[in-house]
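Below, chain A is the first sequence line, B the second, and so on; all start at residue 1.
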There are 2 protein chains.
Amino acid sequence: MAAPKPTRTRRKMQRVTIMDVAARAELSPSTVSLYFRKPDAVSAAASESIARAIEALDYVPNLMAGGLAAASSRVVSIVVPSVRNAFFAETVAAMQEELGKQRLQMMLGHTEYKEHDEEGLVRTALSWAPAAIVLTGLSHSVATRRLLRDSKVPVVEIWELGSQTMDMAVGFHHDQVGHAAASHLVQRGRKRLLFLGARLHEDRRAARRAQGFVETARKIPDITAEIIQHPAPASAEVGAMLLGEALHRFPNVNGIACSNDHIALGVIFECQRLGIAIPDRLSVVGFGDLSFSAASNPSLTTIRPPGDLIGKEAARLIIARILHSDGEPAQTVIDTRFTLLHRQSS
Amino acid sequence: MAAPKPTRTRRKMQRVTIMDVAARAELSPSTVSLYFRKPDAVSAAASESIARAIEALDYVPNLMAGGLAAASSRVVSIVVPSVRNAFFAETVAAMQEELGKQRLQMMLGHTEYKEHDEEGLVRTALSWAPAAIVLTGLSHSVATRRLLRDSKVPVVEIWELGSQTMDMAVGFHHDQVGHAAASHLVQRGRKRLLFLGARLHEDRRAARRAQGFVETARKIPDITAEIIQHPAPASAEVGAMLLGEALHRFPNVNGIACSNDHIALGVIFECQRLGIAIPDRLSVVGFGDLSFSAASNPSLTTIRPPGDLIGKEAARLIIARILHSDGEPAQTVIDTRFTLLHRQSS
DNA sequence: CTCCAAAATAATAGCGCTGCTATCTAGCCG
DNA sequence: CGGCTAGATAGCAGCGCTATTATTTTGGAG
């Protein structure tokens with residue numbers, strides 16, 4: 001048949017492509033591509049006419065095409081338990097700011113403290129051929145580890161340090177936090193200690209703080225320490241509730257550390273209602289240094305984890321690895337430490 | 001010449017592709033692709049052998065290739081002022097949960113309250129050919145609007161409702177919040193009203209609440225209302241500071257509304273220190289119903305914005321639009337309302 | 001049995017960009 | 001001034017998948 005088959009009606013995208021830009025700038029697509037990837041390799045004259053063409057056409061690059069061709073994208077995937085949690089929100093925000101400077105995008109995933117979901121999130125993340133993957137904590141399923149190893153994507157584990165890491169890590173030792181809280185209370189002359197924790201069965205890091213707390217306390221002669229917990233997520237209400245239980249079970253308690261500041265604030269509120277003097281009769285130490293902690297009455301002694309620093313350093317490690325891959329893995333484990341802020345409640 | 005040029009040594013990805021799966025399942029790549037996109041169109045026998053092949057090869061699809069071919073991705077981009085802000089963190093989390101059910105991924109961008117940055121974020125977002133874009137608030141630059149219009153990507157504006165929306169919107173009217181706070185205080189017999197606000201110059205929504213507050217109050221005979229503000233981000237410390245200024249400038253104030261609960265908590269703390277009885281001498285109303293608001297002492301009367309509902313509904317609108325595009329735009333503007341929670345502080 | 005529509009599967013032609021190479025140009029030395 | 005080299009620019013061949021069309025297989029009806 002002379003008549004050619006009707007041409008395929010593939011959606012003929014009217015999208016502006018790199019070729020349109022090249023045509024307008026009277027250069028080849030290669031050069032335009034180079035302009036984006038290695039601006040220095042393009043002459044000033046070419047750069048200028050390309051910039052003009054981009055401007056005129058309002059060109060928006062297609063990062064998916066670029067990622068496909070380059071077999072890797074400018075996306076960093078991060079998996080956190082929850083952004084509802086101020087700690088991780090802080091880290092996510094700081095990290096994004098840092099990554100943004102290098103025009104790296106962030107894709108976010110939540111486990112909502114269900115560790116089992118992590119594998120699925122990692123799978124999805126890998127579908128985007130990310131430049132790096134950031135995971136919270138150190139405990140990951142075998143399948144997750146294998147996926148990541150096979151993919152060869154750089155991995156950063158954040159918010160927790162331990163004996164072994166998959167690749168890179170930024171965080172601190174949670175047992176040391178417990179240790180610091182216990183030491184501080186003991187130093188303040190407290191002998192009957194309690195750790196009040198929310199959701200310790202799911203929040204492993206909080207559990208490690210609790211463990212570090214009692215281990216430290218019990219090593220010191222004449223000191224007692226127990227853990228009281230509640231399965232619900234941390235909130236001031238849970239804190240108030242936990243204090244009630246604490247006073248019921250251990251009436252002579254005089255030093256309390258909390259899994260976080262929400263719990264501690266609840267303890268303070270409840271003590272106000274019950275007429276319990278803080279710190280005279282009871283010392284309270286929190287964890288988190290949340291927005292209200294310095295302003296409460298009494299102000300709250302607490303341990304401040306450097307959430308923003310963690311985000312920033314994680315971003316830096318990633319940038320160092322993927323952008324300046326020339327040098328060798330300088331430092332791949334960063335201990336950010338934490339700070340005990342001694343205020344009125346202890 | 002006879003000798004063929006040496007074959008290009010293109011990085012021969014050892015990645016498992018859809019072709020490997022097809023080969024192993026003894027089917028064509030097309031069928032495997034169909035299996036992912038329209039599982040019902042594939043026979044049970046084929047489905048099973050494909051599933052087995054995927055399992056055996058540990059196949060991870062390349063979403064960038066898919067997105068490129070389909071000219072659209074399963075990514076939803078969301079731009080919020082900051083995830084450090086609990087309101088938006090809540091929305092982001094809820095939205096992600098809802099989107100996740102449809103295997104839609106979320107890409108996050110922050111403006112950090114710099115509206116000027118929005119355009120860049122939208123540009124980057126569009127580079128990923130997202131299935132939809134979610135923006136916070138209603139005020140966007142002309143360039144941003146044009147970019148979005150040209151791209152034809154569905155847009156959802158959240159957390160604010162007003163006279164006109166670009167496409168879809170989910171939120172509530174902030175002036176109504178101010179109105180509700182003022183009405184409530186008046187109803188509680190308060191006549192000398194103040195609105196304490198943080199960062200009103202950047203946080204337009206808070207500014208609208210303030211505006212609604214004074215407009216309502218001033219319409220009522222015998223009532224006075226003023227706004228006092230501080231340029232720093234909201235925190236309990238700023239709240240305490242603002243109360244100081246308030247008492248200095250308006251010693252007989254007896255009703256205070258705050259731009260959010262952090263400020264209100266600071267007011268409560270400061271009143272405790274100063275020995276000002278709440279609510280006897282001073283009524284306080286917050287905004288946000290943050291984690292500590294119900295537990296504080298006195299508990300805080302506040303207005304609760306449905307952050308999670310906003311996220312959920314926004315996700316639903318998006319899903320309805322892109323997945324079941326058959327039906328016509330049912331409802332594209334959703335007023336989620338808000339709730340005044342009357343507690344002890346008023 | 002044959003025929004035919006419906007169901008299932010396969011073939012084809014890109015999506016828009018990048019990573020090599022190859023080619024071209026300008027600058028500089030002897 | 002020819003010959004070289006480094007610096008710019010261009011050409012080519014996919015990246016891994018999807019949408020569309022084409023083909024084959026099924027399963028009844030006649």
Side-chain angles (χ1 to χ4, degrees), chain A residues 4-23 25-50 54 57 59-74 126-129 131 151, chain B residues 1 4-23 25-50 54 57 59-74 126-129 131:
Chain A
K5 296 181 175 186
T7 49
R8 288 294 185 76
T9 19
R10 191 71 191 269
R11 65 220 162 300
K12 190 63 195 168
M13 277 283 88
Q14 73 283 47
R15 197 189 225 282
V16 177
T17 75
I18 204 171
M19 298 184 63
D20 300 316
V21 174
E26 296 180 306
L27 287 163
S28 73
S30 304
T31 307
V32 178
S33 173
L34 206 59
Y35 167 85
F36 284 113
R37 292 176 294 117
K38 299 178 182 168
D40 295 340
V42 178
S43 72
S47 286
E48 200 173 319
S49 68
I50 291 172
I54 290 170
L57 299 172
Y59 170 64
V60 176
N62 183 332
L63 261 26
M64 292 196 297
L68 176 60
S72 98
S73 67
R74 297 188 72 86
L126 288 175
S127 298
W128 289 97
S151 72
Chain B
M1 310 329 38
K5 297 180 175 185
T7 49
R8 291 294 186 74
T9 18
R10 191 71 190 272
R11 65 214 163 301
K12 191 64 198 168
M13 279 282 89
Q14 74 283 45
R15 195 189 228 282
V16 177
T17 74
I18 206 172
M19 299 185 63
D20 300 315
V21 173
E26 296 180 303
L27 287 162
S28 73
S30 302
T31 308
V32 177
S33 173
L34 206 60
Y35 167 84
F36 283 115
R37 293 175 293 118
K38 298 177 183 169
D40 295 340
V42 178
S43 72
S47 287
E48 202 174 319
S49 69
I50 291 172
I54 290 170
L57 297 172
Y59 170 64
V60 176
N62 183 330
L63 261 26
M64 292 195 297
L68 177 59
S72 99
S73 68
R74 297 189 70 86
L126 287 175
S127 297
W128 289 98

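- For Arg15(B), no side-chain nitrogen or oxygen approaches OP1 or OP2 of dC15(D) to under 4.0 Å.
- Side-chain N or O atoms of Ser73(B) include one that pairs as donor or acceptor with a backbone N or O of Ala129(B) at under 3.5 Å.
- When the P atom of dG19(C) is taken as reference, atom CZ of Phe36(A) falls 14 Å away, rounded to whole Å.
- The Thr31(B) side chain lies nearest to dA10(C) when the options are dG16(D), dA10(C), dC12(D).
- Checking dC17(C), dT18(C), dA19(D) against the side-chain heavy atoms of Ala70(A) singles out dT18(C) as nearest.
- Taking every side-chain heavy atom of Ser28(B) into account, dA10(C) is the closest of dC17(C), dT9(D), dA10(C).
- Protein atom CG of Asp20(A) is 12 Å distant from nucleotide atom P of dC15(C), rounded to whole Å.
- What separates CG of Leu63(B) from P of dC17(D) is a distance of 9 Å, to the nearest Å.
- Nearest-nucleotide positions on DNA chain C for Asp40(B) and Met19(A) put Asp40(B) closer to the 5' end.
- The base of dA11(C) sits with one of its N or O atoms less than 3.5 Å from a complementary donor or acceptor on the side chain of Ser30(B).
- Summarising the geometry, the separation between NZ on Lys38(B) and P on dA19(D) is reported as 7 Å, rounded to the nearest angstrom.
- Contact record, Tyr59(B) with Thr17(B): CE1-C, 3.6 Å, taken as the closest heavy-atom pair.
- Donor-acceptor pairing under 3.5 Å is lacking for the side chains of Ser30(B) and Ser33(B).
- Following rounding to the nearest Å, Met64(A) (CE) and dT18(D) (P) show an atom-to-atom distance of 12 Å.
- Between the CZ atom of Arg37(B) and the P atom of dT20(D) there is a distance of 9 Å, rounded to whole Å.
- For the pair Tyr35(B) and dA10(C), the criterion of a side-chain N or O lying under 4.0 Å from OP1 or OP2 is not met.
- Proximity note for Asn62(A) (side chain, C-beta onward) versus dT18(D), dG19(C), dG16(C): the nearest is dG16(C).
- When the nucleotides dA10(D), dG16(C), dG19(C) are ranked by their closest atom to the side chain of Leu68(A), dG16(C) comes out on top.
- Ranking dT18(C), dG14(C), dA10(C) by closeness to the Ala69(A) side chain, first place goes to dT18(C).
- Between dG19(C), dT18(D), dT9(D), one nucleotide has an atom nearer to the side chain of Ser43(A) than all others, and that is dT9(D).
- To the nearest 0.5 angstrom, Ile18(B) atom CD1 is 8.5 Å from Ile50(B) atom CD1.
- Separating the CG atom in Leu126(B) from the CG atom in Asn62(A) is a distance of 11.0 Å, to the nearest 0.5 Å.
- In this structure, the nucleotide among dT9(C), dT18(D), dG16(D) sitting nearest to the side chain of Ser33(B) is dT18(D).
- Between Trp128(A) and Trp128(B), the ring planes lie perpendicular to each other; the angle is over 60°, past the 30° to 60° tilted range.
- Backbone-only contact: Pro61(A) has heavy atoms under 4.0 Å from sugar-phosphate atoms and none from a base.
- For the pair Leu34(A) CG and dG7(D) C1', the interatomic distance rounds to 11 Å; values are reported in whole Å.
- At whole-Å resolution of the value, CZ in Arg74(A) and P in dC17(C) are 15 Å apart.
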